[in-house]
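Counting convention: from 1, in listed order, for ligands and their atoms alike. These figures come from a predicted structure and were not determined experimentally.
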Amino acid sequence: MRVRRMPIIYNEQEKTITLHTRNTSYQMKIGPCDLLLHTYYGPKAQGDMSWCLSFRDRGFSGNPYDAKLLRGISADTLPMEYPCEGSGDFRAPAFSMRRANGAVGCDLRYVSCEIKPGKYALDGLPTVYADGEEAETLEVTLADEAAGVRVLLQYGVFPSLDVITRAARIENCGEGSILLQAAASASLDFVSGDWDLMHFYGRHAGERAVGRTAIEQRELLIGSRRGTSSHQQSPFVILADRETTELHGPCVGMSLLYSGSFSCNASRDQFGTTRAVMGIQSEHFDYPLEPGEAFQTPELALVYSGEGLARLSQRFHRMVSQHVCRGPWKNRRRPVLLNNWEATDMDFTGERILNIAKTAAELGVEMLVLDDGWFGARNDDNAGLGDWTVNTEKLGCTMGELADKIRSMGMKFGLWIEPEMVNEDSDRYREHPDWALCIPGKAPVMGRNQLVLDFSRPEVVDAIFEQITQVLDECRADYVKMDMNRSITDVYSAVWPGQSQGKILYQYVLGVYRFMDMLLERYPDLLLEGCSGGGGRFDVGMLHYCQQIWCSDNTDAIDRVRIQYGTSFGFPLRTMGAHVSAVPNGDTRRKTPLHTRAVVAMAGTFGYELDLNLISDEEKKQVPAQIETFKKYWNLLHNGLFYRLTDVMQNRQEAAWMMVEEDGSEALVNIVVLDSTGNSPNRFVRCMGLTPGASYKDEESGMVYDANALMAQGLPMPMVQHPRRPVKVTPNEYDAFQIHLVRI
Ligand code: GLA
């Protein structure tokens, strides 16, 4: 009989707690003086790993009082599970608090642990859920009773996903008030190894470029102070061994399920231990807890891969698509949509929209999305936000009538909203100026000439929800694009005078989550797409509510290749909103072939964002074919194992990626030529993930390839027909190819 190994094992004799997934293990040790130490996170391993601990008396690294003369015991030198300020650990803390008397610091020690079946959930916050998969929860209590604080470390273990989640719940169990100054979701210490920090940085219209920096003896800090997870840094990082590549080497991914300000601090200490602390942003956090009150950190998901970055990404992709995203759209093919934004901006009438919709429907588009400009006095971006009443004059009809007309063309109907915002020039603001975040006596910072509504106040959320849902009820929207178009400043809430920025911003994020939860509850079939000036709030937290997120306002196919490449490290393709838009591109003025734009958009949700009446007849013929191609491959595109074949940050010649059916039976190789040169050298793209020893047939050309050879030598770059002579030549700049390989 096969004995099933439990995912979580508490060994009382060894004083170890070990978490096992199918391929990885994670271990902590209740050390001397009840310090909770971290001994291991890596490939599956058994036994007590505390041989990695080094108890040496080190100068200027102090000792717990109760260690007495054992000077080798120091929170400053040992790997700590949840390091706190005040324990003598001078490295970056996960936890810090101020007592009522102003003194900073506490000393958390192990109290107890409990193993529970299933996966814990967090009230009002997004989490990875089990949904039928095996999962177990571990709760470890740490406390400093004298300081009046208890910390519950929460762990979720998903054996078959190779995912471990962490979160912490902080409780004031004393008699005085305390102020939380830092409360990270998790900290990881690695006693050995040369690690790089990979982070995903950028700007509006240029999100998630890949940065890779050696972690040395100085602190690397990335994060967001913007109130949202931001375009500038993603709340997803990877610690990669210096030698790690796509297919080889150890790496650990940390993905925060939170859509507000965050930080990640990575550093190497004086004795070679690498620490990464990640969670909610601690700057100006100052979260007050009265006796009996508690604070819940957001959740952080961890994945270890010993076989390179591709495997790490694949594990996150599976986690996000199957255990974070919810609802009926989770595994359904999404309708191919057309969004009018890049076609019309706010300058449209109902007639123009119907005209765009008609051609789109004829060419096979399945849903029309009406973007910004349909409500209040919204004819440019200076007015109207906050007034969610339909501008029937502009539409020439009600929203219900417009939706009916679109539906009569055989399409679904979707609508854009930006619930968290208000313009000063709106009835909403004139009536409730105190609903906007604003500091008394200070002129607020404006962003896109709009202010942020105080979503930390439930009555504000409820009022906006009520008005928006009247419109959604009326048009029975199949889809909603929920936007958020500025960073948050002037954090002062009229109903919480004296409250800290940290608390208001945290409650704000909970308000946004509640708004989306209410939407999904009211419209169970709704397809919700997140957006924040493109990909400014692209995080796994949002994906608990939105099945997809508009990846970037930059729709240039060549720029998008880079943006989607960076995004793919932590997020599945099916979550990346991607559309074919017009050329020359509005942002870059670049002209790329329609086919290339479609190949790139198919590495995302796939849709259109242009007036299809304005393309040539030749191009009009391509659109139905593209939609058919997407339908044919969508399962492979959205569920296949994803491999990045080229490093788009380094290789400026071509970008290539592929999806392989989980059983290896078929694959789709995608290549975009980024640059061309005269009399060019021969180029090959090395495939990945095919069944070793098998043969694959290129469905279109009939050519048969050996999988080993494709993975070692590479697939030759396809040739194209010369425009005048009967010869094949190397492709042009910006050409793109999709090669469907079927195992024979
Ligand atoms: C943001 C979005 C765009 C569009 C506009 C409308 O910039 O990212 O896609 O919806 O707002 O104002």
Side-chain angles (χ1 to χ4, degrees), residues 202-208 226 228-232 259 337-348 352-353 356 367-388 391 394 413-423 425-426 446-453 468 471 477 479-488 512 527-539 542 546 548-557 559-560 563-564 567 575-582 585-588 597 601 604-611:
R203 57 185 186 277
H204 174 236
E207 296 87 341
R208 290 172 292 284
R226 293 171 179 270
T228 57
S229 45
S230 90
H231 301 88
Q232 287 73 13
S259 311
L337 67 81
L338 186 142
N339 177 306
N340 72 301
W341 176 248
E342 285 199 29
T344 65
D345 208 293
M346 294 182 213
D347 184 15
F348 58 81
R352 174 91 199 273
I353 296 298
I356 292 174
M367 178 160 75
L368 194 285
V369 175
L370 181 59
D371 210 281
D372 195 357
W374 57 264
F375 51 89
R378 186 80 168 164
N379 290 312
D380 59 38
D381 60 10
N382 288 314
L385 286 170
D387 293 339
W388 301 102
N391 185 342
K394 186 168 178 176
F413 180 69
L415 207 56
W416 177 97
I417 58 171
E418 193 178 358
E420 297 152 76
M421 295 295 153
V422 70
N423 283 115
D425 185 1
S426 68
M446 302 303 286
R448 210 190 188 194
N449 202 30
Q450 62 200 47
L451 293 169
V452 184
L453 285 172
I468 286 181
V471 182
Y479 159 110
V480 164
K481 174 176 170 189
M482 181 167 140
D483 212 338
M484 197 287 186
N485 280 317
R486 59 160 290 178
S487 301
I488 305 179
V512 174
L527 175 57
L528 186 58
E529 176 153 353
C531 179
S532 177
R537 197 159 60 179
F538 204 118
D539 55 73
M542 282 308 278
C546 308
Q548 54 197 55
I549 301 174
W550 184 227
C551 197
S552 176
D553 273 347
N554 186 340
T555 55
D556 173 88
D559 278 8
R560 261 305 181 105
I563 295 167
Q564 293 173 193
T567 309
T575 64
M576 299 182 208
H579 299 164
V580 172
S581 63
N585 181 272
D587 261 311
T588 62
R597 283 172 269 153
T605 55
F606 190 64
Y608 293 84
E609 191 154 337
L610 74 171
D611 184 347

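With 3.5 Å as the limit, one finds a donor-acceptor pair spanning the side chains of Arg226 and Gln232. Asp611 and Thr344 form no side-chain donor-acceptor contact under 3.5 Å, judged by distance and modelled atom types alone. Side-chain contact, Arg352 with Asn340: no donor N or O sits under 3.5 Å from an acceptor N or O. Between the side chains of Arg208 and Thr567, a donor-acceptor pair is found at a separation under 3.5 Å.
Put simply, the side chain of Arg560 does not reach to within 4.5 Å of the side chain of Met576, judged on heavy atoms.
The atoms of ligand 1 that sit less than 4.0 Å from any heavy atom of Asn485 are 1 (C), 7 (O), 11 (O). Close contacts between ligand 1 and Asp372 involve ligand atoms 6 (C), 12 (O) [criterion: under 4.0 Å to a heavy atom]. Short contacts between ligand 1 and Gly534, defined as distances under 4.0 Å to a heavy atom of the residue, involve ligand atoms 8 (O). Short contacts between ligand 1 and Asp371, defined as distances under 4.0 Å to a heavy atom of the residue, involve ligand atoms 4 (C), 6 (C), 10 (O). Listed by number with element, the atoms of ligand 1 under 4.0 angstrom from any heavy atom of Lys481 are 3 (C), 4 (C), 9 (O), 10 (O). Shown in contact with Cys531 at under 4.0 Å from a heavy atom are these atoms of ligand 1, numbered in order with element: 2 (C), 8 (O).
For atom 7 (O) of ligand 1, the closest heavy atom belonging to the protein is Asp553 OD2, 2.8 Å.
A cation-pi arrangement, defined by a distance under 6.0 Å to the six-membered ring centre and an angle within 45 degrees of its axis, is absent between Arg378 and Trp388.
Pairing each heavy atom of Phe538 with each of Thr575, the nearest pair is CZ-O, 3.6 Å.
Within the 4.0 Å heavy-atom shell around ligand 1 one finds Arg448.
The proximity of Asp483 to ligand 1, defined as any non-hydrogen pair under 4.0 Å, is limited to the side chain.
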